[in-house]
Every structure is written in C-alpha cells, then in structure tokens.
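Basis for what follows: all heavy atoms, side chains included, without hydrogens, waters or symmetry-related copies.
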Amino acid sequence: KAAYKLRRRLLGALLATFPADLRSLPPRLRPAAAARPWEAWGWLPPLHPPEAFGEAMEMEWHSPSPAEVAAAAEMCFASLERAEKLAAEVGAGGVDAVPEARL
C-alpha cells in the first residue's frame, strides 16, 4: 500500500502544472514594492476591462518537461507490466497460487 501511495505521489509531482512564482504582486510591480512597500499594501488587479486583469497578473507556469513526462511514462509502463504478470499468475493458478507477499 505504501508503494502505491509513493507511486501516485511521484506521478502527481512529475506531471503537475503549477504557478512558478507565488508572490502576491505581478513582476512589473515588485521593484516599486521593494523600494516603497507601503504603496503596494492592499494592491488589487484591475477588474475592468477584463483583459487588464490578465495583463496585470502575468503568471509564469511550470509545465512538465519532456524528461518528466518520459519518467512518468516509464513508471506507468513498469507498473502495468508488473500488474499484467501478476494477473497472468493469478489467472493460471487462481488466487491461492500467488504468495501473499506478491499481492
């Protein structure tokens, strides 16, 4: 059960898409906030027009690299091979034929 949880967490970490920067101010306002932090207090992005909100928030996202996707695919492939082998053993001799430690 622990191996399943570890595999699931690893796959989630390898294939996750998340914000690369979690600061509360967009990059263009950070230099001013560092010099005069009181001016950035309570800053909110503009709500109108709607495209101004997207421009103000300018988020940079991390998306999985090809190496991360390849590692996740290899993990899935290895797990599926193991499951197919176990299913073949169970199918050949029934559940009693497979040792408890292998289930």
Side-chain angles (χ1 to χ4, degrees):
K1 188 173 181 178
Y4 165 75
K5 287 182 178 181
L6 176 63
R7 195 172 307 122
R8 183 179 53 151
R9 298 283 180 160
L10 283 172
L11 283 173
L14 285 170
L15 300 175
T17 300
F18 52 88
D21 193 3
L22 298 176
R23 293 186 240 182
S24 60
L25 291 174
R28 64 182 176 80
L29 293 180
R30 288 185 197 139
R36 297 184 305 268
W38 60 87
E39 289 183 0
W41 183 262
W43 179 84
L44 292 173
L47 299 178
H48 297 287
E51 57 273 0
F53 180 80
E55 292 171 6
M57 293 309 292
E58 301 173 348
M59 267 188 148
E60 185 178 323
W61 292 85
H62 166 79
S63 57
S65 68
E68 291 171 325
V69 173
E74 182 61 34
M75 271 180 43
C76 288
F77 182 71
S79 296
L80 289 173
E81 273 187 337
R82 201 166 154 214
E84 287 174 351
K85 183 179 175 185
L86 184 60
E89 289 175 8
V90 169
V95 176
D96 297 330
V98 180
E100 183 67 29
R102 302 277 313 274
L103 292 177

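Residues Leu14 and Leu6 fall within the same hydrophobic cluster, defined by Ile, Leu, Val, Met, Phe, Trp and Tyr side chains chained together at heavy-atom separations under 4.5 Å.
Arg8 is linked by a side chain to side chain contact (heavy atoms under 4.5 Å, CB included) to Tyr4, Lys5, counting only residues two or more places apart in sequence or in another chain.
When all heavy atoms of Trp61 and Phe18 are compared, the closest pair comes out as CE3-C, 3.3 Å. The shortest non-hydrogen separation linking Ser63 to Glu68 is O-OE1, 4.2 Å.
Glu84 contributes no side-chain N or O that, together with a main-chain N or O of Glu81, makes up a donor-acceptor pair within less than 3.5 Å.
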